[in-house]
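As structure tokens, the structure follows; a few thoughts come after it.
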Amino acid sequence: MLKRFFFILFFINFSSIAFALEKCKWNNQKGVPCVTITKTPNTSLYNSLGVNKKIFTRQQIIESGATTAVDILKKVNGLDYYQTGQKGQQAAIFMRGSESNHTLVMLNGIAINDQSATNGLHDFGQDFIQTIQQVEVYKGANGAHFGPDAIGGAVNFVTDVDYINNYSINGFNFKNNSVNYNTTKITENGWHLNFKGTSNLSKTNSAKAKGHEADGTKNYQVNLNGNRWLSDNLKFKSTFYYRDTKSDYDSSDTKEESVTSDNKMYALQAGIEQKTASLLDNLMFHYHNYDRKYYVQGRKDKYYSESLVAKAEREVLSNQKFSYGFGSEYKYDWGHYLTKTFSSQTKGHLSNLGIFVNAGYKVNKNLLLSFHGRNDDHKETGGNQTYKINFTQLIGPLKLGATHSTGLKNASLYELYGNTGQKHIDPEKSETNELVGEYNFSENIKLISTVYRTRMKDRIKIKSDWSAYENKKTDTTQEGLESEITFTGKKQKISITSHFAKSRTATGGPNSRRPDLSYGIDYSKKLNFVNYGVFDFDLNHRFIGDHIDWTGSKNEFVKSVDLVDISLRKNWYGNVISLNLTNLLNERYEKPGTYSQDGRAISFGFKRTY
């Protein structure tokens, strides 16, 4: 492990200046290209300052060489990911040691979790992100204000008009490649119309570690965005997102051939925004649909769900010290599934009305107080209240933050109405305390550390005799320490991260698939060669410590792994040529146990802007 660590540090020598990103403006009627979308849903100006989020812009997604959500999320400190094979296979994340179904997933601030999934789990393995404009990660208490299902945190996929027209080709052969296209046109009557389209193909080893036949994936994405300013203060926004992922997978060690899946999802959003100097109003209507089919040697399992959402919110800047906001969202879900490969089925519908408020008060230039409150009226569990309180203090170069939040997760359709469902089950509830310290040693060196502890109550689990779901009365805890130190230099930047975690079961043992230790290094540098000019170099390293997992016959500790990715890019006469190497050290590992992950892989890319 030390050899690998020094191998990474070999690339590093320090200098000094900062990188800058241009933020997107709300009133962008001229279609000026921009990078970062800054608005945080369900917040107002001053209380949004107490929310910490990790942003991956469109530019950063492209530069990383990422094609899937897993490619991006595995770079986030405090997140553990697992995928039953290579790209296109089922995947889940554990955010800060929480359960895999405790992460709320949103599209432009509206929940898109699939209700036909047994426990409401979101399958990140299907999310290819070349048509996504921005990915936002809210860990722990930072996602609590979004409402149900955000006990561990939240991930928000953002779609928007991309004003940089371009096309690109990436891959290394005809069986492993992707093609991307983006174009935007501003019409004479003021419509900003954007089309993004992507095709992905992959064919690698068997998804099962001991499998014999190759498995592959075909993925297609379309994103259409249409914006129009009805006046300088009023804007119409709409987006249509569609993805279709067809994959070969392995049902078991003995069922490899003729085992495929077809996972479709689409979403449609339309609404209006009104912005003045002191307020921002947002009204949005949303619909999404999941249609999943799994074919196992002539038998079909089918999962289907739909969701309708109406959401309205207002953000008000009262004066130079106080801001507040309020809003509501109504969500109606229905779905069903029927399996032929095993005995399981469910059918039903759910509704939830959420009302939320927030406020932020700037006591002075160094002290900020914020509050979020929410009431959710659910069809089965009735009214439930959650809240978040944040205190932020500046003391010279030191920034301190303290947050207390509560969260909840309602039962899924299957947990309520399925074969072993329990209609009168209570929601899971949580309490989270979080302390954040940020210290700027200089303009070039910054340290951020977060201590957190979450206590889970009324956990929804299947009974020991598998007869029904129930609420477990024994509480569990997740706690840990996240740290990141960043050095910014002249044409280079390095971040060193670490995560010490303790996620325990009701009996005090370690939770499976959640390591107690992980750390990493992110390094970026502009390399200047006399004969070849400037190249952009990026290196990403993640160490994932040993942890409990199922190895085919029993739960036992599996070995740690070092994952290193590098990329090299060159701007050549307005075109970008790239080289990406993933799993540089060619680690052979299973994550989760019995499912193989890709070894070392190389891809070449060409991007042209027009």
Side-chain angles (χ1 to χ4, degrees), residues 1-2 4-23 35-36 38 48-57 59-60 63-64 72 74-79 96 136-140 142 365-368 390-403 434-452 480-501 517-528 534-543 562-567:
M1 188 174 70
L2 287 175
R4 291 166 180 165
F5 184 76
F6 286 116
F7 163 77
I8 293 164
L9 291 181
F10 173 79
F11 290 98
I12 301 167
N13 48 62
F14 298 106
S15 312
S16 81
I17 247 197
F19 299 167
L21 295 174
E22 181 183 353
K23 296 180 180 179
V35 177
T36 309
T38 57
S48 67
L49 301 177
V51 176
N52 296 313
K53 61 180 177 179
K54 173 72 173 178
I55 294 177
F56 294 96
T57 66
Q59 177 179 319
Q60 291 170 323
E63 291 177 353
S64 72
I72 280 291
K74 71 181 182 181
K75 300 177 186 296
V76 179
N77 192 29
L79 268 67
R96 286 186 172 173
E136 301 170 346
V137 181
Y138 300 82
K139 292 182 285 186
N142 295 289
K365 65 178 183 179
N366 296 321
L367 178 60
L368 181 71
N390 173 266
F391 163 92
T392 302
Q393 173 77 58
L394 295 177
I395 308 172
L398 175 64
K399 178 181 177 182
L400 295 174
T403 303
E434 184 177 297
L435 295 174
V436 181
E438 178 180 324
Y439 189 81
N440 292 283
F441 294 93
S442 67
E443 292 183 356
N444 310 108
I445 304 176
K446 179 173 70 175
L447 171 67
I448 301 176
S449 287
T450 302
V451 180
Y452 65 87
L481 169 65
E482 287 180 4
S483 297
E484 179 177 8
I485 186 166
T486 303
F487 305 85
T488 305
K490 185 178 181 181
K491 299 181 181 179
Q492 61 182 336
K493 181 178 180 180
I494 179 172
S495 294
I496 302 174
T497 63
S498 65
H499 184 214
F500 299 90
L517 171 64
S518 59
Y519 58 79
I521 296 175
D522 295 305
Y523 179 62
S524 302
K525 182 176 176 63
K526 288 189 177 295
L527 304 174
N528 196 347
V534 177
F535 287 77
D536 291 310
F537 173 80
D538 290 288
L539 180 146
N540 173 264
H541 165 251
R542 285 295 178 270
F543 169 82
D562 285 274
L563 301 177
V564 178
D565 299 336
I566 64 172
S567 66

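Keep in mind that this is a model prediction, so the values were computed, not measured.
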So, the side chain of [X] versus the backbone of [Y]: is there a donor-acceptor pair under 3.5 Å, distance only?
X      : Y      : result
Arg542 : Ser518 : no
Gln492 : Gly489 : no
Asp522 : Asn540 : no

Exercise for the section: Give the ring-plane orientation class for His541 versus Tyr519, where under 30° counts as parallel, over 60° as perpendicular and anything between as tilted. Expected result: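 Judged by the thresholds at 30° and 60°, the geometry between His541 and Tyr519 is tilted.
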Measure the shortest side-chain to side-chain distance between [X] and [Y] over non-hydrogen atoms and say whether it is less than 4.5 angstrom.
X      : Y      : value
Thr450 : Lys139 : no
Glu434 : Arg96  : yes
Leu79  : Lys74  : no

Can you measure from [atom1] ([X]) to [atom2] ([Y]) and round to the nearest 0.5 angstrom?
X      : Y      : atom1 : atom2 : result
Thr403 : Asn52  : OG1   : CG    : 7.5 Å
Phe543 : Leu563 : CZ    : CG    : 10.5 Å
Leu539 : Ile494 : CG    : CD1   : 9.0 Å
Leu394 : Lys365 : CG    : NZ    : 10.0 Å
Ser449 : Glu438 : OG    : CD    : 10.5 Å
Ser483 : Leu481 : OG    : CG    : 4.0 Å

Practice task
Sequence neighbours left out, what passes side chain to side chain contact (heavy atoms under 4.5 Å, CB included) with Thr486? Give chain and number order.
Solution key: Glu484, Thr488, Lys493, Ser495
Exercise for the section: Using side chain to side chain contact (heavy atoms under 4.5 Å, CB included) as the criterion, list what pairs up with Ile445, not counting sequence neighbours. Expected result: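 For Ile445 the side chain to side chain contact (heavy atoms under 4.5 Å, CB included) partners, ignoring immediate neighbours, are Phe441, Ser442, Ile485, Phe487.
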Practice task
Report, as yes or no, whether the 6.0 Å neighbourhood of atom NZ on Lys446 holds more than 12 heavy atoms from other residues, nucleotides or ligands.
Solution key: no
Practice task
Can you establish whether the number of heavy atoms outside Phe500 located under 6.0 Å from its atom CZ is more than 12?
Solution key: no
Practice task
Using distance alone, with no hydrogens and no angle criterion, decide if Thr392 and Asn390 have a side-chain donor and acceptor under 3.5 Å apart.
Solution key: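 Judged by distance alone, the side chains do pair up.
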